[in-house]
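See structure below.
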Number of protein chains: 2
Amino acid sequence: MNDDAVFRALADASRRQLLDRLYEQNGQTLGELCQGLEMTRQAVTKHLVILEEANLVSVQRQGREKLHFINPVPINHIAERWINKFERRQLSALSALKKVLEGDGGQ
Amino acid sequence: MNDDAVFRALADASRRQLLDRLYEQNGQTLGELCQGLEMTRQAVTKHLVILEEANLVSVQRQGREKLHFINPVPINHIAERWINKFERRQLSALSALKKVLEGDGGQ
DNA sequence: TTGACATGCAACCAAATAGTTGCCTATAAG
DNA sequence: CTTATAGGCAACTATTTGGTTGCATGTCAA
């Protein structure tokens, strides 16, 4: 699994938007994903290819349509291997901050 | 807080490496961060500027040296607002894909 | 079979990106 | 003051990226 491809894929707002749309409704066709976007179909295709190569989207042909499904595994992967590491440090910082803000406050 | 800047900043392997190094040892100078990298100092500077603009690194001048500190808040932010959302979705997405792959599938 | 619809492929283009080199400024030390 | 050190700035370059247009292919429906 290639972390770099995932990070690069997530770097573009259009691609994150596509993931958002698939999150709203999974299994959409290319045509459906294009609707309402300020982009040509071909541009959307390119974005989807990048998402596929990063394994963030998997595809299933059905007749002349191509259905797109979100795959959360790589996101989970970088979350576990990368993000949590930095969060761990913050948790202590956050709880310290909370303590100050709340005067003391347990929990 | 600009999510896009954070995602873009994280998209480059060299910048993630710089964050890793700051994670190992916080508060390093530019010179220290350059050591052992296959890059000129100026290239590193550019990466650090991008990390600063994404608020992932904060800087403190000390005499003629510039100390760099990691700031985990933006990472936490995208983790909470973005990553967790997809992690939650994982089970239902997988089962939806299965349905299609298996031709019908109950549930 | 004919036409309409859904997608694929390739060439091209402009802008952004990652990197370089060369020179300048500021601070510390001899 | 002079010199070495730490970093800043700007111009330039090659490559990547995000997007376009034009045409081709494959599939469904009449």
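Residue numbers start from 1 in every chain, and the chains themselves are labelled A, B, ... in the order their sequence lines are given, proteins ahead of strands. The figures here come from the full heavy-atom set of this structure, side chains too, leaving out hydrogens, waters and symmetry mates.
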Side chain to side chain contact (heavy atoms under 4.5 Å, CB included) between A/K66 and A/H68, worked out
CA-CA 7 Å; A/K66 195 177 186 183; A/H68 297 81; 4.1 Å; yes
Taking the minimum atom-to-atom distance to the side chain of A/L30, which one of C/dC9, C/dT7, C/dG19 wins?
C/dT7
More 5' along DNA chain D: B/K46 or B/E32, using each one's nearest nucleotide?
B/E32
Please determine, for the side chain of B/R61, which listed nucleotide (C/dT20, D/dG7, C/dG19) has the closest atom?
D/dG7
Please check if A/L22 and B/W82 belong to a single hydrophobic cluster, counting links between Ile, Leu, Val, Met, Phe, Trp and Tyr side chain heavy atoms closer than 4.5 Å.
yes
Does C/dA16 have its OP1 or OP2 closer than 4.0 Å to a side-chain nitrogen or oxygen of B/R8?
no
I need the NZ-P distance between A/K66 and D/dT25, as an integer number of Å.
18 Å
B/H47 side chain near C/dG19 phosphate (N/O to OP1/OP2, under 4.0 Å)
yes
Interatomic distance where CG belongs to B/L67 and P belongs to D/dG7 [whole Å]
8 Å
Kindly indicate whether the side chain of B/Q42 and the base of C/dG22 share any N or O donor-acceptor pair separated by less than 3.5 Å?
yes
Measure CG/A/L18 against C1'/D/dG18 and give the value in whole Å, please.
13 Å
Taken to the nearest whole Å, CG/A/L48 to P/C/dA6 is 16 Å
To the nearest 0.5 Å, tell me how far A/F69 CZ sits from A/Q28 CD.
10.5 Å
Should B/T29 be listed as having a side-chain N or O under 4.0 Å from OP1 or OP2 of D/dA6?
no
Quickly work out the A/D12 CG to D/dT17 P distance and round it to whole Å.
11 Å
Under a 4.5 Å cut-off applied to non-hydrogen side-chain atoms, are A/T29 and A/Q62 in contact?
no
Return yes if the base of D/dG19 and the side-chain atoms of A/R41 contain a donor-acceptor N/O pair under 3.5 Å, otherwise no.
no
Could you work out which one of C/dA18, D/dA6, D/dG19 sits closest to the side chain of A/M39?
D/dG19
In this structure, how many angstroms lie between the P atom of C/dT7 and the CD atom of A/Q35, rounded?
10 Å
Kindly indicate whether the side chain of A/R64 and the base of C/dT7 share any N or O donor-acceptor pair separated by less than 3.5 Å?
no
When rounded to whole Å, the CD1 to P distance for the pair B/I50 and C/dG19 reads 9 Å
Distance check needed: D/dG7 C1' versus B/L33 CG, whole Å only.
13 Å
Tested for side chain to side chain contact (heavy atoms under 4.5 Å, CB included) against B/I70, the lone hit among B/L19, B/L51, B/D20 is B/L19
